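Since the structure is predicted, the reported quantities are computational estimates derived from the model, not experimental observations.
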Amino acid sequence: MTAEAPKEETTLVQFLDSVAGPNATPGGGSVSALAGSLGAALVEMVINLTMGKKGFEGKEAELQKIREEARSCREALTAAIAQDSLAYQAVMNAFLLPKKTDEEKRKRKGEIQHALKKAADPPLFTTATSLKVMKLCQEAVEKGNPNTISDAAVGALLADAAMGGGIFNVLINLSALEDKHFVEKMKKELQRLEAEGEAIKKIILTRIKEKINCQ
């Protein structure tokens, strides 16, 4: 499988085989985006199993809004699966540039630094978008069909995994960057996202346990 994969027609088995293979892509960044998209899909499922059910009359507009936001996150994160692979492929291509002369070395170094900055974008996007998914999971827990609460819980755990994976994949790219201002700015953003995600996850898991024990 090339860096352009996984494409929409790629089967789950093909994607897993590709991840398990000897190539660097698709790797942890792509898998993180997939985890986030699965979390969003579970939010959609919860809402679809809630709309039209007895006891939820008059809440169609609110539920539909949650479903549409979850669908948007799912589609964006699905696209990020391939984007992450492409960005890292650009990094690997930069490292393959010739380095015999001083000019070649200078150009190669510049290309590597540029590619590393670009490669930090997809996992940062995955992190931020998965935080949105986490928030949607919280809404699904509170407003969704109580029979689907375990599905909302899995969605939250997947969103959390996607955030963690996204953060580490940003950090690995930052570790080789020389632009310290850029690095510090990115790290502060990661810390903000991580702290917000952790707080929401705790609320969700506590609420889920309360609801399950009450049922």
Side-chain angles (χ1 to χ4, degrees), residues 5-16 18-19 26 28-85 122-166 193-194 196-215:
K7 295 180 180 178
E8 290 184 4
E9 67 269 16
T10 301
T11 68
L12 176 59
V13 171
Q14 288 172 330
F15 178 68
L16 293 176
S18 185
V19 171
S30 293
V31 171
S32 297
L34 174 60
S37 67
L38 287 170
L42 282 170
V43 173
E44 291 180 77
M45 187 192 81
V46 169
I47 300 304
N48 283 325
L49 291 172
T50 302
M51 294 179 70
K53 296 294 189 296
K54 184 178 179 180
F56 295 93
E57 298 87 350
K59 298 181 179 179
E60 297 292 313
E62 183 180 16
L63 293 170
Q64 186 173 353
K65 182 175 182 293
I66 296 172
R67 185 177 63 181
E68 289 174 354
E69 290 178 356
R71 182 189 299 118
S72 177
C73 288
R74 173 169 58 87
E75 292 173 349
L77 286 164
T78 300
I81 296 172
Q83 290 166 359
D84 191 275
S85 291
L124 178 63
F125 177 82
T126 291
T127 303
T129 306
S130 295
L131 176 59
K132 294 180 183 178
V133 174
M134 183 86 75
K135 293 177 180 178
L136 292 170
C137 287
Q138 184 177 14
E139 292 198 68
V141 167
E142 296 296 343
K143 302 172 184 178
N145 186 333
N147 293 324
T148 65
I149 194 167
S150 61
D151 301 297
V154 174
L157 292 172
L158 284 166
D160 180 56
M163 286 192 67
L193 293 169
E194 183 177 29
E196 189 172 354
E198 281 295 317
I200 295 172
K201 182 182 71 171
K202 289 180 181 179
I203 293 171
I204 291 174
L205 296 182
T206 299
R207 189 68 177 124
I208 288 170
K209 291 175 182 177
E210 290 174 351
K211 283 178 168 283
I212 289 177
N213 289 335
C214 290
Q215 290 177 12

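- Looking only at distances, no side-chain donor or acceptor of D160 sits under 3.5 Å from a matching main-chain atom of A156.
- When every heavy atom of A40 is checked against every heavy atom of A70, the shortest pair comes out as CB-O, 3.5 Å.
- With hydrogens and angles ignored, the 3.5 Å screen pairs a side-chain donor or acceptor of N48 with a backbone N or O of E44.
- No side-chain heavy atom of K143 sits under 4.5 Å from any side-chain heavy atom of T50.
- Remark: the backbone N or O of L42 is not paired with any side-chain donor or acceptor of D151 at under 3.5 angstrom.
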Working for side chain to side chain donor-acceptor pair (under 3.5 Å), residues E68 and Q64: CA-CA 6 Å; E68 289 174 354; Q64 186 173 353; 3.2 Å; yes
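- Looking at every heavy atom in both residues, L49 comes nearest to T148 through CD1-CG2, 3.7 Å.
- Looking at every heavy atom in both residues, I203 comes nearest to Q138 through CG2-NE2, 3.5 Å.
- When every heavy atom of G144 is checked against every heavy atom of V46, the shortest pair comes out as CA-CG1, 4.1 Å.
- At least one side-chain heavy atom of L157 sits less than 4.5 Å from a side-chain heavy atom of L205.
- Taking a cutoff of 4.0 Å between a charged side-chain nitrogen and a carboxylate oxygen, E69 and K135 do not qualify as a salt bridge.
- Pairing each heavy atom of K132 with each of C73, the nearest pair is CB-SG, 3.9 Å.
- A heavy-atom distance below 4.5 Å is not found between the side chains of R67 and M45.
- At distances below 3.5 Å, not a single donor-acceptor pair connects side-chain atoms of S130 with backbone N or O atoms of V133.
- At least one donor-acceptor pair closer than 3.5 Å links the side chain of E60 to the backbone N or O of G52.
- Using modelled atom types, one finds no donor on one side chain facing an acceptor on the other under 3.5 Å when comparing S32 with T126.
- With a 4.5 Å cut-off on side-chain heavy atoms, P123 and D84 count as touching.
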Derivation and outcome, side-chain contact (heavy atoms from CB on, under 4.5 Å), residues V141 and I149: CA-CA 6 Å; V141 167; I149 194 167; 4.3 Å; yes
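- For K65, the NZ atom counts as loosely surrounded, since its 6.0 Å shell holds 12 or fewer non-hydrogen atoms of other residues, nucleotides or ligands.
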Verdict with reasoning, R71 to E75, per side-chain contact (heavy atoms from CB on, under 4.5 Å): CA-CA 6 Å; R71 182 189 299 118; E75 292 173 349; 3.6 Å; yes
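- Using modelled atom types, one side-chain atom of S30 and one backbone atom of I81 make a donor-acceptor pair closer than 3.5 Å.
- Under the 3.5 Å distance criterion, the side-chain polar atoms of S37 are matched with a main-chain donor or acceptor of L34.
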